Every structure is written in structure tokens, then in C-alpha cells.
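Report on one structure; see the data block that follows.
Per chain, numbering begins at 1; letters A, B, ... match sequence-line order. Since the model is a prediction, treat every value here as computed from it, not as a measurement.
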Protein chains: 2
Amino acid sequence: MTQTDDARLPLHARTHDDLLRRIRAGEWPHDVPLPSEGELAAEYGISVGTMRRVLGTLTSDGLVERRQGRGTFVRRAAFEHSLARFFRAGDRVPASRILDRQRVAAPADVAHALGSSGEVLHLLRLRLLDDEPYLVEDIWLPLPAFEPVAVAALDDLGDLLYPAYERLTGLVVAAATEDLSVVTASADDAVVLGCADASPLVRVERSARSVTGQVLEHRISRGPASRFHYRMEIS
Amino acid sequence: MTQTDDARLPLHARTHDDLLRRIRAGEWPHDVPLPSEGELAAEYGISVGTMRRVLGTLTSDGLVERRQGRGTFVRRAAFEHSLARFFRAGDRVPASRILDRQRVAAPADVAHALGSSGEVLHLLRLRLLDDEPYLVEDIWLPLPAFEPVAVAALDDLGDLLYPAYERLTGLVVAAATEDLSVVTASADDAVVLGCADASPLVRVERSARSVTGQVLEHRISRGPASRFHYRMEIS
DNA sequence: TAGTGGTCTAGACCACAAA
DNA sequence: TTGTGGTCTAGACCACTAC
């Protein structure tokens, strides 16, 4: 066992911190279970009950998923909670079209977000409902890590990018930070989205990270503010 | 003990549901502790460990707060997470001014939200930073429950309304639902906020409820979209 | 000093999944 | 059949708060 923290902290807290570190270090891929409760407890020299508490905390923090009879697995990120999902879609199924893909020198803000100042891959992506655009996205990916995405057939990327990233590069998005603000449509955005010039758009800026915290993708999505509706519960 | 649920559910789940029902029924005011772990366990005929699990769940759901050596208490709502707090304030301290207070017949949507179709109390409230308005709020309160708020001196309401409600009527806000959307400024709003006509505003609509689920207040807040910035983490 | 919640242990038994 | 997590119990000891 590796003691990562103050020995005055409770056992379950120290164990939690260490296990979290190992998860972030990528010790267990998503398809291989962690050791069982009993094995982990023995390894850390604590009781099974205490280890259960640690695993329970990691579960409610959304880091692992426990399945009875199968084991404990490192979880993928829950992007069903992304702010970009709050553009009203009704019952229609969104489609995706990549309008442009180019190697470019990273603009300053993108270089800052990605933490890599060299060449990056830029995607311009349109999302549609019934062939009607409702979201336009600028996506930046670091090179050479995402070289396979730069050379893949566009059809091969599909409607969902994160599974494509994983398939092509092996890199898995595990967490993200999103920033919501309201802006006015640029001339380009207005043309692509088919809305009036300078009409209000909701803008969601996302930095997506791997388990190790490395930024894998920087994305700026814009859609008509009139379609956006976000609900939250306070308790 | 009252069995509220399917007997096939685990003990901790049934106990949780029943304890939740009693909390919502207002059995324990905010300043009087629940019975101790041991007493509750005995009352429900379960072990202390299982009762601890129930109380742990209620704690992480934000319904109760446990303090070592003192006891377990029903918690107030955590409005520090309100969407309305994401209008940039910098380091300045917000102030509050009530511009208007009137008894009115409830408009249809307000009557629907409050679940009371009779007369309601309407407040028009302005929130300011350095004497500069940044948020305007329409607030509706059901009558006669909030009669004391209708007759109190405006100075007596103070900058924070929820403590005033509790002081004057004994009613405590325990939870809320908030809806965020983007609208354009009405002529009235533009004048009050000092912004251009039809400029984009972020609108937060809130229904605030008591522990029993009764809607105590319906509130619609608007502020300049340019000041709004919301950040969320996905994991 | 008495009473509260917080930590930790040890172990029995059940439900589910895979080989 | 074996191994996994899920439920539930019983009890020891510690840390904090109030009186």
C-alpha cells in the first residue's frame, strides 16, 4: 500500500485517495474489473467493510460502477449530462456532419486549453435534426496523438466522436469541464445555422480530459438561444 | 414503524422511504435533532449499522446534516447553487430593492405554478451591484399564507427574502426547481436594467417548495445575458 | 460525565453472473 | 459450482459537544 496522505486521516479516506490515484493512473481499463472487495481489503490491510465504504464513495462519485456477480469497473464519463444536450430536440434523432477537417497552427486560446502549442487538428462539425442545422461546433484535437483521426475516412468517424477517438487512437475521454455563456451569431455561424445575423446563441465551451487529466479535446458549440432550455433541481 | 413500500425491497430502502416521509411531514423542525441512531434503529427494529446507512444516504442527498456530538438535523435548501448566482458579480456585494408590492389576481401561469388561483402577492424586486441594476425579479406569493409579508415594512424584508419569509410566516423553503432560458428584454425590463431594448437576457424561473412539496414562491429573474456564465463539471 | 455521531472490524447469509 | 457484489447484524473503540 502506498500512503499518499496524512496518517491522521481515517483509513477509509487514505484508502480512497490511493485507489483514486491508481484509477487515474489507468491501472484498470474499462473492461477489466478491479480486484474483488476481499482482495483489495487484504492488499490494503483493512477490513472488507471499510473497503466496501471506500468503493461506495467511489461509486457515488461516479468513478466506478459495481455490478453484482461481475465486479467493480472504472466508469466512462456521463456525457448524457452535457449542457449541449439541453438544446430542444423533441423526439427527433440528431445527425452529425463534418464540414471541414484541417491541420492548423493552434490559436492562442486553443493552445492554452490543450496545453500543446504546436500543430492541431481542427474539425468543423454540424449537428442536424431532420436535415435542419441546430448546432455548430469547432473541435480542436492535439497532434500527433490524434493523427489517426486526421487521416480516417470522414464516414468512419460516425455520429459519435468519443467512441471514434477511442477506436482510432485508444484515448478515452473520462471527464470534462463545460462553460455556458450567451453570445451573438457571427456572420459565418448565421449562415451555417440559418439564423439572423447577430441573433443570440448559447455557447458551450468544453475541455475534455483523459483519466490522467490530459486535455484530449477542446470544443466550442453554438446553437440558437431560443432552442436552449436547462432545468436544475435545488435541494 | 410504518411500512410504506414493497416488502421485497431491502430494509434500508424501506426505512429510508419512511424516514423521508416523516421528514417531509415536518416531524422535526430545523433546530431539533432527530432521535439518535440507536433510538431510530430500535424504533424500526433494525440494526444500528443499517440505520447508519439510511442516515448516510439522507445525508448525501442533502436532506439531513449530521454533527458529531450534537445529533442529526433536517437541512435547509442549498441556494448557494442557484443558477441566479452565475451572473458575474466580481467581488462586489449585491444589494436588493423592492420596487413594488401589490395584491393582484394571479395570472394563469402563476396560478398554475402556485397551485392557488385566488389573490396573490406580487413583488417587483431589483438587485444591484454598486447601485447598478443587474437583475430584475417578479415574485409571486400565495395569500393568505403570506399576508404578513404583504403588511410588513419593506425595510423589514431585508436583502434576503427566504429568512424573512420564515421570520414572518414560519414557512421554510426546502427545495426548488429552476428553469434557465434566454429571452429578449421587454421595454420595461430594458428601462429597469438600463440595457438596450430587445437585448438578450438570461431568464431563470424558480418554483420554491416547502418540505411538504407545497409551492411557496414563484419567481422569474432576468439579467443581461452578457453577465451570465455557468460552469459545470462532467465526470 | 453522559450522549452523540464517526471509525473499524468480523462474519453470516443472499442475489446475481459466468463457466 | 464458484466468485462477485448486496444486505444485515453485533459490537468495540474514538472524537466531539454539552452539561
Exercise for review: Give one of base, sugar-phosphate or nothing for B/R53, where a contact means two heavy atoms less than 4.0 Å apart.
Suggested key: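 Sugar-phosphate only.
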Point to revise | Of residues 61-75 of chain B, the positions that come close to DNA chain C - non-hydrogen atoms, cut-off under 4.0 Å | key: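 Correct list: B/R66, B/R67, B/Q68, B/G69, B/G71, B/T72.
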Point to revise | From B/L154 atom CG to B/R125 atom CZ, the distance as rounded to the nearest 0.5 Å | key: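 The distance works out to 12.0 Å.
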Review point. Rounded to the nearest 0.5 Å, how far does OG1 of A/T15 lie from OH of A/Y44?
Key: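 Going from the OH atom of A/Y44 to the OG1 atom of A/T15 covers 7.0 Å.
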Using atom [atom1] of [X] as one end and atom [atom2] of [N] as the other, report the distance to the nearest whole Å.
X     : N      : atom1 : atom2 : answer
A/L9  : D/dC14 : CG    : P     : 18 Å
A/L40 : D/dG3  : CG    : P     : 17 Å
B/R52 : D/dC14 : CZ    : P     : 16 Å
A/E39 : D/dG5  : CD    : C1'   : 13 Å

Are more than 12 heavy atoms, taken from residues, nucleotides or ligands other than [X], located less than 6.0 Å from that residue's [atom1] atom?
X      : atom1 : result
A/R97  : CZ    : no
A/H112 : NE2   : no
A/R88  : CZ    : yes

**Study point:** For chain B, the stretch of DNA chain C it reaches, first to last nucleotide, under 4.0 Å of its heavy atoms
**Key:**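 The protein-touched segment is C/dG3 to C/dT7.
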Check your understanding: Any chance the side chains of A/R209 and A/T177 put a donor and an acceptor closer than 3.5 Å?
Key ->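 Yes, a side-chain donor-acceptor pair sits under 3.5 Å.
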**Study point:** Option among A/E137, A/E178, A/E217 that satisfies the side chain to side chain donor-acceptor pair (under 3.5 Å) test with A/R206
**Key:**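 In the set A/E137, A/E178, A/E217, the residue that makes a side chain to side chain donor-acceptor pair (under 3.5 Å) with A/R206 is A/E178.
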Exercise for review: Give the minimum heavy-atom separation between A/D159 and A/R127, together with the two atoms involved.
Suggested key: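 Looking at all heavy atoms of both residues, the closest pair is O-NH2, 4.4 Å.
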